Participant: 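Got a structure for you, written out below as structure tokens; questions coming shortly.
To find a chain, count down the sequence lines: A is the first, B the second, and so on, and within it residues start at 1. What you see below is based on every heavy atom in this structure, not just the backbone, and it leaves out hydrogens, waters and symmetry mates. Just so you know, these numbers come straight off a predicted model, no measurement behind them.
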Amino acid sequence: MTSSAMQQLYQQIILDHAKSAHGAVPELPTLDAGSVSAAGLRQAQSHQVNTTCGDEVTVRVGLTGAGTDAEIDEFAWRGAGCSISMASASVLNDTVRGTSVAESEAMLNLFREMLRSRGTIEPDEEVLGDAAAFAGVSKYPARVKCAMLPWVAFEAALLQLR
Amino acid sequence: MTSSAMQQLYQQIILDHAKSAHGAVPELPTLDAGSVSAAGLRQAQSHQVNTTCGDEVTVRVGLTGAGTDAEIDEFAWRGAGCSISMASASVLNDTVRGTSVAESEAMLNLFREMLRSRGTIEPDEEVLGDAAAFAGVSKYPARVKCAMLPWVAFEAALLQLR
Amino acid sequence: MLRIRNDFPVLHQLVNGHPLNYLDSGATSQNPISVMEAEQEYYEQRNAAVHRGAHTLAFAATEVFEAARATVATFVGAPENSIVWTSNATEGVNLVSYSFSNASLGLGAPASARFRLGAGDEIVVTEMEHHSNLIPWQQLALRTGATLRFIPVLDDGTLDLAAAAQIVNPRTRLLAVTHASNVVGTINPIAELVQLAHAVDALVFLDACQSVPHLAIDLTALDVDFAVFSGHKMLGPTGIGVLYGKAELLADMPPFLTGGSMITTVDMQTAEFLAPPQRFEAGTQRISQALALASAVDYLDHTGMGRIRAREAELGRRLVEGVTSIPGVRLLGPGVGVERIGLAAVDVAGVHAHDVGQFLDEAGIAVRVGHHCAQPLHRRLGVTASTRASTYLYTTDDEVDQFLAVLAEVAPFFGVSR
Amino acid sequence: MLRIRNDFPVLHQLVNGHPLNYLDSGATSQNPISVMEAEQEYYEQRNAAVHRGAHTLAFAATEVFEAARATVATFVGAPENSIVWTSNATEGVNLVSYSFSNASLGLGAPASARFRLGAGDEIVVTEMEHHSNLIPWQQLALRTGATLRFIPVLDDGTLDLAAAAQIVNPRTRLLAVTHASNVVGTINPIAELVQLAHAVDALVFLDACQSVPHLAIDLTALDVDFAVFSGHKMLGPTGIGVLYGKAELLADMPPFLTGGSMITTVDMQTAEFLAPPQRFEAGTQRISQALALASAVDYLDHTGMGRIRAREAELGRRLVEGVTSIPGVRLLGPGVGVERIGLAAVDVAGVHAHDVGQFLDEAGIAVRVGHHCAQPLHRRLGVTASTRASTYLYTTDDEVDQFLAVLAEVAPFFGVSR
Ligand SMILES: Cc1ncc(COP(=O)(O)O)c(C=O)c1O
Ligand SMILES: Cc1ncc(COP(=O)(O)O)c(C=O)c1O
């Protein structure tokens with residue numbers, strides 16, 4: 001019954017991330033525009049909802065520096081949703097924390113491209129790391145939204161800090 | 001082109017009544033409930049609209065006496081509409097003016113029955129007089145409403161005087 | 001059963017390599033061939049504007065359109081002039097909500113004053129309502145200053161009737177309640193609630209979306225004041241719904257949508273309106289959809305609503321017995337022994353409903369996952385989402401059993417052990 | 001032409017022993033086979049609830065539903081998120097009218113304040129509007145205390161543009177106008193009216209019911225703020241219409257109908273709403289009707305809107321030349337030489353329109369008689385009713401000629417001599 005397609009979609013890496021999600025916090029109170037953290041980081045936050053299923057994710061970022069060289073020194077998220085979206089948020093945490101805005105945006109583009117490829121893009125694990133495990137999701141157009149949800153929130157938060 | 005069906009529907013009697021309608025008055029101001037005419041007649045009036053085409057007829061009656069023996073000593077109508085509805089109002093005037101409520105209701109029932117018969121009832125001209133000319137209408141279900149319009153207004157006016 | 005299934009071509013397809021197991025009829029049902037044919041026949045033979053035209057086609061269209069109203073009216077035990085066509089049940093709720101707002105603004109005939117709402121008036125709903133029978137009343141309260149109150153749900157997913165008797169009070173003007181729940185599957189005690197409401201002169205608005213398709217209903221006997229249901233949940237097409245309103249109420253209500261075909265006289269500043277139901281049917285109507293719904297009703301009638309109800313109770317039992325025997329699966333609502341329509345919503349501990357749905361879909365099983373447009377009820381039952389299997393007259397025992405078998409594999413696959 | 005006519009099965013029937021001559025497309029058009037098939041295919045293959053389900057069928061249904069939106073959007077030169085499905089054009093007018101009422105009550109996000117209306121504000125319509133683009137604005141004025149004014153019609157049935165320039169003033173908040181008249185057939189100078197309105201910051205609401213089916217339309221280029229049209233007048237089924245609204249306006253408007261599928265978060269007292277277009281699409285949508293409308297648009301596109309417009313202008317000319325040469329027949333609206341869509345409404349002196357229609361029907365000719373939901377315009381032109389022949393891409397020259405021949409016999413038959 002549990003076809004190999006299911007196993008491709010729900011790779012062990014995804015199930016593991018979903019079970020012990022990295023970077024998840026229990027609360028993320030709303031943030032005023034232009035907030036600066038105690039440590040002097042410029043902060044922004046975005047809340048995204050998948051209206052089909054009600055999954056939601058809030059992502060907070062804090063930057064040191066300005067422009068695309070700025071570094072993502074704070075990253076936190078909270079959310080409720082399916083294993084794909086929760087694992088994706090966890091992987092996002094691992095992928096972008098500590099990188100520059102430019103690097104993280106490059107990753108985001110790669111990730112999005114892979115997900116939209118309907119299975120035609122073979123992911124480069126060297127570059128994508130655990131994020132490559134989401135390649136199977138691209139064959140499930142209905143689930144692409146789930147995997148993208150935290151990344152879209154991340155993108156929207158960065159946009160506020162432009 | 002002008003088929004015999006058309007000639008059956010628009011009998012000469014109907015076209016003549018439509019052209020010089022009996023009992024039609026230019027104005028019929030609204031009447032208060034329980035109105036009594038200068039001549040002591042108990043009056044009532046009803047306004048009916050055929051919503052498909054916008055035809056409208058107002059009928060006023062005035063009775064002497066009470067119950068089903070009461071006599072229809074006043075009858076007037078005004079309206080705007082197709083030749084069927086206007087001719088029918090004119091014929092109604094000729095049919096019920098001066099009769100008793102009981103007699104006029106009997107006529108109304110005969111007329112209605114004939115119109116609803118879809119062409120199956122052969123009208124008795126002795127009894128119905130000019131109203132028999134509407135037998136052709138019964139084969140045009142869409143036009144039955146037109147022919148009935150003044151009679152329905154008449155019926156509604158009588159009902160108010162019960 | 002085979003005869004019935006042959007009438008539904010959509011059921012005979014493979015999904016992900018498995019025969020489709022359609023267990024989402026609570027969301028929308030499938031159409032038998034006869035319903036599709038009724039619609040096509042209309043467009044091939046007599047498509048024309050109704051209540052507007054005098055030519056042969058227009059008259060024929062008007063006749064079948066009104067005959068469809070009569071068919072649906074008879075099906076729910078209502079007089080024809082109490083049946084108003086809408087796009088779906090949701091629009092029917094909004095129709096009454098906005099008509100009451102308009103009455104509250106002093107619009108409509110003097111008799112519409114009886115529907116005026118304002119500060120101090122109360123509208124009562126229940127905690128198990130579908131959003132469509134909740135938000136329009138929230139908005140009515142916002143528009144008029146009335147207060148919205150609600151009858152709570154008990155831990156077992158049924159209404160707290162003791163609380164209801166307190167909450168319904170002389171300030172209550174309207175009680176809106178669902179007949180059968182689209183989540184917990186129970187059938188609410190409408191007679192009792194009608195008595196409560198009518199004792200304080202409040203109107204009763206029934207959401208019959210999950211009852212009219214599945215039970216034999218007599219709205220006149222139920223004595224509710226309004227009811228709504230949707231064609232697409234009862235073998236009919238999308239785009240058509242029904243509002244029932246007691247004729248003497250509709251007669252006094254101001255119009256909702258205005259425009260063509262619902263007026264008598266119009267000048268540049270004012271308009272006079274037709275009697276119901278036309279007063280509430282503005283613009284060109286859903287003609288082919290009304291005919292198709294009547295054809296769906298004929299299909300249901302022919303199959304027999306008594307038989308359908310019994311069959312679905314059986315399927316509901318099978319579902320409930322099945323899911324409650326799977327470890328780690330929690331059934332929302334009352335368990336074995338309480339009559340329900342043929343649906344069951346469950347929570348699989350440790351696995352999000354969306355993942356459960358995906359796993360089932362891979363096996364060709366179509367269920368609904370999420371909050372099923374009932375967020376407050378889910379919150380009340382302590383979950384954010386659930387997985388719902390819902391049946392109809394074409395559902396087989398084997399389909400229920402396959403669902404149960406695959407559901408049992410969910411927790412192991414996702415590595416949830418208990 | 002033969003190819004086109006073969007696509008419309010309904011045209012091939014006898015009425016009263018004569019081949020049907022359907023000249024009532026202005027009321028409702030006929031459906032080609034491809035449109036019926038698109039709808040049937042949906043019910044046979046992928047019928048499921050959209051934007052609600054996660055299973056394979058539901059996802060497929062959502063995809064084709066949104067693809068249909070894209071098709072219709074492209075057809076009228078609009079972005080997808082500016083297209084809202086409604087039941088008919090009438091509902092689209094009501095949607096904006098009620099959304100503005102809600103804004104006037106302070107509902108919706110703070111940005112909705114820009115749509116507040118009250119005493120001193122003016123809504124401008126024209127004297128040639130269909131009731132559907134008139135009464136909802138009368139009602140909005142009644143609900144908010146705004147004043148309704150109108151641009152008068154000249155004796156020749158065209159708008160008094162000189163008066164328009166006076167009537168539209170800084171108090172004007174909205175100008176509602178029809179693109180093409182369903183009675184006099186003329187095409188109004190929308191660019192000019194948009195300029196007038198936008199110069200005083202008023203919004204423009206376009207009734208495109210008689211233009212979208214017959215002309216190539218680019219709503220973005222026209223720069224109107226809102227527009228409505230109906231599927232059943234453009235080869236599509238009944239039960240579906242479209243509201244176009246500039247995306248930045250829709251984004252700030254409070255919802256109209258509320259219920260399932262248009263919310264994000266709901267609790268017992270409050271609800272938060274989705275972005276447009278979903279914000280305005282409450283309850284289960286007209287899914288198969290949207291697909292069928294997209295199929296109708298494909299048919300029109302394939303035939304070519306340029307070709308259709310030219311063909312109809314030709315038919316319009318033929319009609320106008322024909323009717324104006326019959327003694328005792330008066331054409332409503334401008335005569336030969338003024339561009340019009342393919343329709344003509346006439347008054348036969350001394351014969352009521354209903355009788356004219358009956359006479360034509362006997363010969364198999366289907367026309368519309370009455371006020372065509374435009375009582376004020378008829379009153380302005382000094383008649384209570386008229387007889388309207390309206391064409392579409394499937395109308396032949398012979399059909400127009402037969403209509404003219406039979407129309408010429410009307411007055412003699414009814415004994416009207418002149
Ligand atoms: C100009 C115009 N506006 C509005 C309408 C109303 O369209 P519907 O009845 O489809 O809502 C019509 C057609 O009846 C029309 O011709
Ligand atoms: C109980 C209940 N009420 C209301 C609705 C709304 O029906 P619709 O979306 O057809 O308007 C539904 C179905 O979605 C339902 O199950």
Side-chain angles (χ1 to χ4, degrees), chain C residues 9-10 15 24 27-28 30-31 36 40 43-44 47-49 52-57 87-88 90-91 94 105 107 130-132 135-136 138-139 142-143 148 150 230 232 237-239 257-260 263 266-269 271 282-284 286-289 354 357 361 366 368-369 373 375-376, chain D residues 9-10 15 24 27-28 30-31 36 40 43-44 47-49 52-57 87-88 90-91 94 105 107 130-132 135-136 138-139 142-143 148 150 230 232 237-239 257-260 263 266-269 271 282-284 286-289 354 357 361 366 368-369 373 375-376:
Chain C
V10 75
V15 166
D24 199 17
T28 203
Q30 299 299 343
N31 290 10
M36 301 182 216
Q40 177 140 359
Y43 286 113
E44 283 181 356
N47 177 38
R52 287 190 178 184
H55 56 77
T56 300
L57 244 57
S87 309
N88 51 29
T90 302
E91 187 169 87
N94 281 273
L105 286 169
L107 301 181
H130 188 283
H131 295 160
S132 290
I135 311 180
Q138 291 180 348
Q139 296 284 312
L142 282 173
R143 289 194 300 266
L148 189 77
F150 65 92
S230 275
H232 68 93
T238 60
L257 302 174
T258 56
I263 54 87
V266 178
D267 63 27
M268 286 312 293
Q269 294 295 342
T284 303
R286 309 105 176 129
I287 310 169
S288 72
Q289 291 79 28
H354 207 161
D361 187 54
R368 176 115 185 250
V369 297
C373 299
Q375 286 184 9
Chain D
V10 75
V15 166
D24 199 17
T28 202
Q30 299 299 344
N31 289 10
M36 300 180 216
Q40 179 141 357
Y43 286 113
E44 282 181 356
N47 178 39
R52 287 192 179 183
H55 56 77
T56 299
L57 244 57
S87 307
N88 52 28
T90 303
E91 187 170 86
N94 281 275
L105 286 170
L107 301 182
H130 187 282
H131 296 159
S132 290
I135 310 178
Q138 291 180 349
Q139 296 284 312
L142 282 173
R143 289 194 300 266
L148 189 77
F150 66 92
S230 272
H232 69 93
T238 60
L257 302 175
T258 56
I263 54 86
V266 178
D267 63 26
M268 287 311 294
Q269 294 295 342
T284 302
R286 308 107 177 127
I287 310 168
S288 73
Q289 291 78 29
H354 208 159
D361 187 55
R368 176 116 183 250
V369 297
C373 300
Q375 285 182 9

Participant: Once you round to the nearest 0.5 Å, how far does NE2 of C:H232 lie from CZ of D:R286?
Facilitator: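 C:H232 NE2 to D:R286 CZ: 11.0 Å, rounded to 0.5 Å.
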Participant: If you compare all heavy atoms of D:G260 against all heavy atoms of C:S132, which two are closest, and at what distance to 0.1 Å?
Facilitator: N-OG, 3.0 Å
Participant: Give, as side chain, backbone, both or neither, the part of D:T56 having an atom under 4.5 angstrom from any heavy atom of chain C.
Facilitator: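 D:T56 touches chain C through backbone and side-chain heavy atoms alike.
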Participant: For D:L107, is it the side chain, the backbone, both or neither that has a heavy atom under 4.5 Å from a heavy atom of chain C?
Facilitator: side chain
Participant: Determine the option with the most heavy-atom pairs under 4.5 angstrom with chain D, choosing from C:H354, C:E91, C:Q139.
Facilitator: C:E91
Participant: Which residue out of D:I135, D:T258, D:T90 racks up the most heavy-atom pairs below 4.5 Å with chain C?
Facilitator: D:T258
Participant: If I measure from the heavy atoms of chain C, does D:N88 come under 4.5 Å with its side chain, its backbone, both, or neither?
Facilitator: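 The side chain, not the backbone.
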Participant: Search all heavy atoms of D:E44 against all heavy atoms of C:P9 and return the closest pair with its distance.
Facilitator: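 Looks like CG-CG, 3.8 Å.
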Participant: Most heavy-atom pairs under 4.5 angstrom with chain C, which of D:L257, D:L57, D:V266, D:L142?
Facilitator: D:V266
Participant: How long is the span from the OH atom in C:Y43 to the CE atom in D:M36, to the nearest 0.5 Å?
Facilitator: 9.0 Å
Participant: Shorter than 4.5 Å, heavy atoms on both sides: which option in D:A48, D:G259, D:S230 has the most such pairs with chain C?
Facilitator: D:G259
Participant: Please examine the side chains of C:Q375 and D:I263, heavy atoms only from C-beta on, and report whether any two atoms are closer than 4.5 Å.
Facilitator: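 They are in side-chain contact.
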Participant: Measuring from D:I287:CD1 to C:T28:OG1, what's the distance to the nearest 0.5 Å?
Facilitator: 6.0 Å
Participant: Please classify the contact between D:V15 and chain C as side chain, backbone, both or neither, with a heavy-atom cut-off of under 4.5 Å.
Facilitator: side chain
Participant: Look at C:A366, C:A27, C:A271 and state which one has the largest set of heavy-atom pairs under 4.5 Å with chain D.
Facilitator: C:A366
Participant: How long is the span from the CG atom in D:D267 to the CD atom in C:Q138, to the nearest 0.5 Å?
Facilitator: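 The distance works out to 7.0 Å.
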Participant: Check C:Q269 against D:L148 and note the closest heavy-atom contact, atom names and distance.
Facilitator: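 Closest pair (atom of C:Q269, atom of D:L148, distance): NE2-O, 2.9 Å.
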Participant: Can you tell me how far the NE2 atom of C:H55 sits from the CG atom of D:D361, to the nearest 0.5 Å?
Facilitator: 7.5 Å
Participant: Does any heavy atom of chain C fall under 4.5 Å from the side chain of D:L105, the backbone, both, or neither of them?
Facilitator: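 D:L105 touches chain C through side-chain heavy atoms alone.
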